[in-house]
> 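Sharing a structure below in structure tokens format, with a few things to ask.
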Amino acid sequence: MARRATKRGDQRTPLHRDCDVLICGASFAGLAVARELAGSGADVLVIDRYEIGERATSACGIPTPWLFALGLDEALQQTFGELVIHIPFVEVRYDLPWSFSTFDYRLLCELLADQGSFEFETAKVEDRRGFTVRTDRGEIRAPLIVDALGWRRVLGTGANVQPPDALLSRGLEVHPFGSGEDLEVWIDRDYVPAGYGWSFPADHELRIGVGSFDPRFHVREPTVRLANDLDADTVRYQGNWIPHALRDATEDGVFFAGDSAGHCLPLTAEGIRTALYFGLACGRELRKVVIGKQDRHAALERYHAFSAGHARPFRWLLRVQRLIPRIPPRLLGHGLRAMERKRFIDWAFGHYLKIAPPEFVGAQRPAGARDTRIVRV
Ligand SMILES: Cc1cc2nc3c(=O)[nH]c(=O)nc-3n(C[C@H](O)[C@H](O)[C@H](O)COP(=O)(O)OP(=O)(O)OC[C@H]3O[C@@H](n4cnc5c(N)ncnc54)[C@H](O)[C@@H]3O)c2cc1C
């Protein structure tokens with residue numbers, strides 16, 4: 001795939017057009033939707049304000065089976081069979097039933113884009129009126145529109161709920177050069193009253209950060225402190241808001257996937273796997289529409305129901321997220337240690353993976369893959 005910087009200035013020529021499917025957002029959710037439309041014959045346009053893979057906003061950790069299921073293992077950087085949790089007075093090591101891996105964001109996005117068949121344009125999405133999306137380069141009309149733009153849910157109706165009132169967490173991390181062996185998490189009120197800190201090694205760099213489930217609590221100072229405590233440089237910052245509540249996955253005729261639908265898991269802030277999972281589900285419904293097997297209303301209804309069908313585990317994870325800060329640290333330490341038993345870990349993490357299981361990907365690669373057309377204007 002061609003690499004070029006996001007168009008600026010004179011290069012931002014007008015973009016007025018129609019297409020069959022308009023996917024707004026070219027990260028995990030948007031590219032997963034596009035993948036499922038490969039070979040359908042639809043005129044698919046993907047837009048993002050940045051080039052594909054240009055701006056990562058996460059530590060890029062995912063259950064390894066998902067990378068293999070999607071054929072994205074070339075992007076894999078480091079794999080961990082254990083999760084190390086630090087609580088004041090205690091350290092626990094969970095021997096996971098499946099491993100977790102870090103990956104290279106740019107490469108993963110490029111590999112995933114190669115599995116789709118679409119045109120791509122850089123444009124900033126501003127708003128929507130009916131089936132017309134307004135961008136900084138012009139208006140695009142499509143009967144099928146997907147908002148995979150992240151937590152802002154730009155294409156929703158009415159005024160968007162903004163932080164700190166919205167159900168959002170804050171996440172910030174630094175990316176110093178360095179190496180490590182362990183996937184580590186800190187549940188420590190000295191860093192953050194409700195939330196956790198992390199260190200994810202990825203080959204030559206560490207991704208060290210802090211997430212707060214309370215949006216009023218700022219995370220820059222604790223991120224710096226955690227990095228200092230680990231003797232790491234505080235360089236290459238990246239951060240974002242992270243939703244921690246499911247929202248309607250369809251609204252006013254538009255499909256929402258990934259963070260725009262609150263598809264991030266509330267307890268762990270793991271949102272990559274679920275963005276891929278719900279993106280695939282959305283893409284499959286859209287595919288049936290473009291090949292004439294169902295109409296748009298049926299697709300909206302089915303996708304809405306599919307997403308809402310996951311409300312129970314999301315609710316449970318939110319409950320545990322809210323419970324943990326109320327447990328005295330010593331008691332929490334005893335509790336987490338008691339859970340170290342292999343049978344319990346296998347059961348708990350097995351259920352956790354099943355919320356968005358890698359088997360959902362299916363065996364076959366979509367027909368028409370490796371046909372991404374990057375349009376130069
Ligand atoms: C610091 C941090 C660390 C994290 N670490 C992990 C982790 O290790 N593992 C994990 O599973 N989850 C992690 N998450 C959560 C995860 O990053 C998100 O849940 C995930 O990125 C959601 O994917 P998405 O495709 O829905 O949205 P995003 O990845 O946010 O993608 C949205 C896309 O839309 C584009 N966009 C946004 N607005 C506009 C606009 N107006 N016009 C045009 N384009 C626009 C953006 O450029 C972007 O490409 C982390 C989050 C943070 C903040």
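Since the structure is predicted, the reported quantities are computational estimates derived from the model, not experimental observations. In each ligand, atom 1 is the first atom listed, and ligand 1 is the first ligand listed.
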> Backbone, side chain, both or neither: what part of Phe28 comes under 4.0 angstrom of ligand 1, heavy atoms only?
both
> Please work out which of the three classes, parallel, tilted or perpendicular, describes the rings of Tyr277 and Phe306, given edges at 30° and 60°.
tilted
> Are any of the N/O atoms on Val154, whether in the backbone or the side chain, positioned under 3.5 angstrom from an N/O atom of ligand 1?
no
> Within the structure, does Asp259 bring an N/O atom to less than 3.5 angstrom of an N/O atom in ligand 1?
yes
> Are any of the N or O atoms of Ala29 closer than 3.5 Å to those of ligand 1?
yes
> May I ask you to check whether Thr268 and Tyr352 show a side-chain donor-acceptor distance below 3.5 Å?
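Judged by distance alone, the side chains do pair up.
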> Is ligand 1 less than 4.0 angstrom away from at least one heavy atom of Gly30?
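No, that is not the case, since the closest heavy atom of the residue is not under 4.0 Å from the ligand.
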> So, is Trp241 polar-close to ligand 1, with some N/O to N/O distance under 3.5 Å?
no
> Under 30°, 30 to 60°, or over 60°: which ring-plane class applies to Tyr303 and Phe255, parallel, tilted or perpendicular?
tilted
> Any idea which part of Ala123 is under 4.0 Å from ligand 1, heavy-atom wise: side chain, backbone, both or neither?
backbone
> Any donor-acceptor pair under 3.5 Å linking the side-chain atoms of His204 with those of Ser179?
no
> For residues Gln78 and Glu181, is any side-chain donor paired with an opposing acceptor at under 3.5 Å?
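On atom types as modelled, these side chains do not qualify, holding no pair under 3.5 Å.
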> Would one find an N or O of Gly271, backbone or side chain, under 3.5 Å from an N or O of ligand 1?
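Yes, there is a polar N/O contact under 3.5 Å.
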> Got an N/O contact under 3.5 Å between Ile47 and ligand 1?
no
> Yes or no: does Lys124 have any heavy atom under 4.0 Å from an atom of ligand 1?
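Distance cut 4.0 Å: Lys124 passes for ligand 1.
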> Quick one: look at Ala148 and ligand 1, take heavy-atom pairs under 4.0 Å, and tell me if it's side chain, backbone, both or neither.
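Backbone only; the side chain of Ala148 stays clear of ligand 1.
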> What atoms in ligand 1 come closer than 4.0 Å to a heavy atom of Gly171?
1 (C), 53 (C)
> With a 4.0 Å cut-off on heavy atoms, does Phe200 reach ligand 1?
yes
> Check this for me - ligand 1, Leu172, N or O atoms closer than 3.5 angstrom, yes or no?
no
> Measure the distances from the heavy atoms of Leu149 to every atom of ligand 1 and state whether one is below 4.0 angstrom.
yes
> Closer than 4.0 angstrom: is that true for some heavy atom of Ala269 and an atom of ligand 1?
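Ala269 counts as a contact of ligand 1 under the 4.0 Å cut-off.
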> Numbering the atoms of ligand 1 from 1, which are under 4.0 Å from a heavy atom of Cys264?
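Numbered from 1, ligand 1 contributes 19 (O).
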> How far is atom 2 (C) of ligand 1 from its nearest protein heavy atom, and which residue and atom name does that atom have?
Thr57 O, 3.4 Å
> Taking side chain as C-beta onward, heavy atoms only, is Ile208 less than 4.5 Å from Trp198?
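No, their side chains stay 4.5 Å or more apart.
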> For the CZ atom on Arg330, are there more than 12 heavy atoms of other groups (residues, nucleotides or ligands in this structure) within a distance under 6.0 Å?
no
> Does an N or O from Gln238, backbone or side chain, lie closer than 3.5 Å to an N or O of ligand 1?
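No, since none of the N or O atoms of Gln238 sits under 3.5 Å from an N or O of ligand 1.
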> Which ligand 1 atoms does Ala59 reach within 4.0 Å, using its non-hydrogen atoms?
3 (C), 4 (C), 5 (N), 6 (C), 8 (O)
> Would you say ligand 1 has an N or O under 3.5 Å from any N or O of Gly61?
yes
> Could you tell me whether Asp48 approaches ligand 1 through its side chain, its backbone, both or neither, with non-hydrogen atoms closer than 4.0 Å?
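Both backbone and side chain.
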